[in-house]
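Labels below follow one simple rule: chain letters A, B, ... track the order of the sequence lines, proteins then strands, and each chain is numbered from 1.
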Amino acid sequence: MGTSKIKKHAEQQANPMNLEEIELEEQEAISPWKDTFKRLRKNRFAIIGFTIILFFILLGLLAPVLSSYTYEEQNLANRLHPPSEEYWLGADHIGRDIFTRIAYGARVSLQVGFFAVTGALVFGTLLGILAGYFGRWIDMLISRIFDILLAFPSILLAIAIVAILGPSLENALIAIAIVNIPIFGRLVRSKVISLREEEYIMAAKAQGMKSGRILFHHILPNSIAPIIVQATLSFGTAILEAAALGFLGLGVQPPTPEWGQMLADSRDFIQLAPWTLFAPGISIMLVVLGFNLIGDGLRDALDPKMKH
Amino acid sequence: MLIPVLLGMTIITFSIVHLIPGNPAQVILGEAATAEAIADLEESMGLNEPYWVQYGIYFMDLLQGDLGTSLRSKAEISSEIWPHLAATIELTIFAMIFAIVIGVNAGIISAWKQNSWFDFLAMIIALVGVSMPVFWLALMEQWIFAQELGWLPAYGRQDSRDPIAAITQFYVLDSLIHLDFERAFTILKHLVLPAIALGTIPMAIIARMTRSSMLEVMKSDYIRTIRAKGGSQFLVIYKHALKNAIIPILTVIGLQTGVLLGGAILTETIFSWPGIGRYVYEAISFRDYPVIQSGILVIAFIFVMVNLIVDIMYKIIDPRIKY
């Protein structure tokens, strides 16, 4: 922290006219997180992203309140009903209300995203720390495993894993978590390697601090920023991958509504009832877009280079 | 670097069969299978041997180009796979051409006219493009351009009533060899929708990368010097700036090939494109594990090779890079 602050002050002195920057610098002295949050709030795109995600979280939570139907309630008389007062987004091929299924589907997608990213983050971070901090053969082994996993196109690897384990929500979740582990692992590893040589780590070592304490009290908190950015972006990718698996019939099994699977169900009715395809596709796109916007915003807010 | 990765890949694809919970032969044949049939399959797939012997056999077979036998068609996978692979490669090439031509140029113009309405619009499209599920885009294309407007065919690689006498299995090339330009046009028309669907995400990512990479280079001193000397805008951008901005763009192109090959499974399913993605997907529903294994291995192998080529190209483009 010390050296970087001196550098920043030197930069400021080279450019004394930039008052705004000095102001920001002072706030950072209080808390870097507050500063990040403040800059994030100024980012219009990130706010749009937050709004989208909040909308879908509320939609998922309030699904039973918002809709008078259940997601499996069939009404064959109204199959492929166009959007109307009765069916806001239309009805699908067996007369189920699409709006209700979209709302319940938001639960599934956000849950898959959350658990898959959490799993990948935890295991990826642990492996990345082990590889980066201990180096030598541990690094060799873990890094090679990452290389091999990354050599497979991610969706293909996920499909292979589900093909082995059998199609279900849990297995799709496991598959998506596994394909995302090396992404976090590599990120953490490179961060740990660059931090390992920092003076304050050397000082901690010289004081006789144990490896575990150094890792979890010093190295991990200092690598958290890029992990958060990656986690946000991965959230979007994970939802996209889950929808792809659902579309191929390898994810959630009926009758649980899932957006990708809803698209697969409606495919055959594209000519008769194209509206059955609109809502699920747009929902997937919006949620992924939301996470991408937040991720980009966070990256800019956390990047010291972007301050001016 | 390359050899351990390739070896690791074979271990993973080898494990696909062995990680099936329970008895793989039982799972492949289904609940109703007789004990005899299971024993037969175990015998023919070598499932009775110890793992390391099985892997040894699998690996030696691979080295000899033997990808195993399909359980469904009983045919050699190595001979069955080529037409599928060619179909996917042809589609991927056209998708990549679309992604690179549009993506790189949109990125360049965005960087050139930074903060203009074009820049804004292009980056919004890129942002939406990155977030778009490829299978939904494919379905929407099919609906608009095939069903509603009737401009382009929605399914397949060619007019199925008049199939081509394939030589290389690359149909565009084949029809040109036959000097049958009308057929080449039909085949190209079949390529448009799937190639655009498949190429959109890479296009968006390439455009964003090109823009940021170009912006960085455009700020450098040598660009200012060329401008001061009166070099035309076009020359400055396409000759001088692009050359130095190309490395990160190339990296993204290499990585996006993987996205393309993976996305092919979805695109091919929707457009009934008889490629390797659909070959693997159909194998999954028939529990044809040797095909799943080999299909995935072949796709991953191509991906690794493309990235190797990208690495080699770095060195050609930028002689400062050494390994």
Side-chain angles (χ1 to χ4, degrees), chain A residues 45 49 140 143-167 179 233 236-237 239-241 243-250 259-260 263-264 266-267 270-272 274 277-278 280-293 296, chain B residues 1 4-9 11-13 15-21 27 127-128 130-137 139-140 142-144 146-148 154 201 255 257-266 269-270 277 280-281 283-285 287 289 292-293 295-297 299-301 303-304 307:
Chain A
F45 284 117
M140 263 300 277
S143 294
R144 278 307 85 77
I145 294 175
F146 288 166
D147 285 344
I148 292 162
L149 287 177
L150 287 170
F152 292 91
S154 59
I155 185 71
L156 197 70
L157 190 58
I159 289 172
I161 296 169
V162 178
I164 297 168
L165 299 175
V179 301
L233 296 171
T237 333
I239 289 176
L240 216 48
E241 279 159 357
L245 289 177
F247 183 77
L248 293 173
L250 298 171
W259 296 338
L263 280 175
S266 306
R267 250 186 87 184
I270 192 165
Q271 219 163 353
L272 276 171
L277 292 159
F278 294 157
I282 293 172
S283 302
I284 300 169
M285 193 183 73
L286 279 178
V287 170
V288 178
L289 181 69
F291 282 109
N292 284 342
L293 288 173
D296 284 353
Chain B
M1 272 300 282
V5 169
L6 290 177
L7 266 176
M9 274 164 40
I11 294 175
I12 290 199
T13 49
S15 314
I16 287 178
V17 168
H18 298 87
L19 288 173
I20 299 171
V27 173
L127 204 54
V128 173
V130 176
S131 315
M132 185 102 71
V134 49
F135 44 97
W136 187 61
L137 180 64
L139 288 169
M140 288 294 110
Q142 243 177 13
W143 174 55
I144 297 172
Q147 313 268 8
E148 294 295 312
I201 294 178
L255 291 174
T257 317
V259 177
L260 279 186
L261 290 167
I265 271 202
L266 296 154
T269 313
I270 292 169
V280 172
Y281 176 64
I284 291 175
S285 30
R287 297 200 208 106
Y289 284 93
I292 303 175
Q293 276 182 317
I296 289 176
L297 185 67
I299 296 176
F301 181 75
F303 183 33
V304 171
N307 280 295

Can you see which heavy atom on [X] is nearest to which on [Y], and at what distance?
{"X": "B:Leu261", "Y": "A:Pro153", "result": "CB-CG, 4.3 Å"}
{"X": "A:Ala244", "Y": "B:Leu266", "result": "CB-CD1, 3.8 Å"}
{"X": "A:Leu240", "Y": "B:Ser131", "result": "CD1-O, 4.0 Å"}

Under a 4.5 Å heavy-atom cut-off, does chain A meet the side chain of [X], its backbone, both or neither?
{"X": "B:Ile284", "value": "side chain"}
{"X": "B:Leu137", "value": "neither"}
{"X": "B:Tyr289", "value": "side chain"}
{"X": "B:Val134", "value": "neither"}

* Asked: Is any side-chain heavy atom of B:Tyr281 less than 4.5 Å from a side-chain heavy atom of A:Ile159?
  ->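 Answer no - side chains too far apart.
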* Side chains of B:Phe135 and A:Leu263 in contact at under 4.5 Å (non-hydrogen atoms) -> yes
* Pairs of heavy atoms under 4.5 Å with chain B: top-ranked of A:Phe152, A:Phe291, A:Phe45 ->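 Looking at each of A:Phe152, A:Phe291, A:Phe45 in turn, A:Phe152 comes out on top.
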* Heavy-atom pairs under 4.5 Å with chain B are the metric here; pick the option from A:Ile282, A:Leu157, A:Leu149 that has the most. =>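 When all of A:Ile282, A:Leu157, A:Leu149 are compared, A:Ile282 has the most.
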Please state whether the side chain, the backbone, both or neither of [X] comes within less than 4.5 Å of a heavy atom of chain B.
{"X": "A:Leu250", "result": "side chain"}
{"X": "A:Ile155", "result": "side chain"}
{"X": "A:Phe278", "result": "both"}
{"X": "A:Leu150", "result": "backbone"}

* Asked: With sequence neighbours excluded, what pairs up with A:Thr237 under the side-chain hydrogen bond (donor to acceptor under 3.5 Å, both in side chains) test?
  ->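 With sequence neighbours excluded, A:Thr237 shows a side-chain hydrogen bond (donor to acceptor under 3.5 Å, both in side chains) to no residue whatsoever.
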* Could you check A:Asp296 against B:Leu127 for side-chain contact (heavy atoms from CB on, under 4.5 Å), going step by step and ending with a plain yes or no? => CA-CA 10 Å; A:Asp296 284 353; B:Leu127 204 54; 3.9 Å; yes
* To do: Begin from the C-alpha positions of B:Trp143 and A:Leu277 and carry the test side-chain contact (heavy atoms from CB on, under 4.5 Å) through to its verdict.
  => CA-CA 10 Å; B:Trp143 174 55; A:Leu277 292 159; 5.7 Å; no
* Asked: Picking from B:Thr269, B:Leu260, B:Leu139, which has the most non-hydrogen pairs under 4.5 angstrom with chain A?
  ->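 Of the options given, most contacts go to B:Leu139.
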* To do: Under 4.5 Å, counting heavy-atom pairs only, tell me which of B:Met9, B:Glu148, B:Met132, B:Gln293 racks up the most with chain A.
  => B:Met9
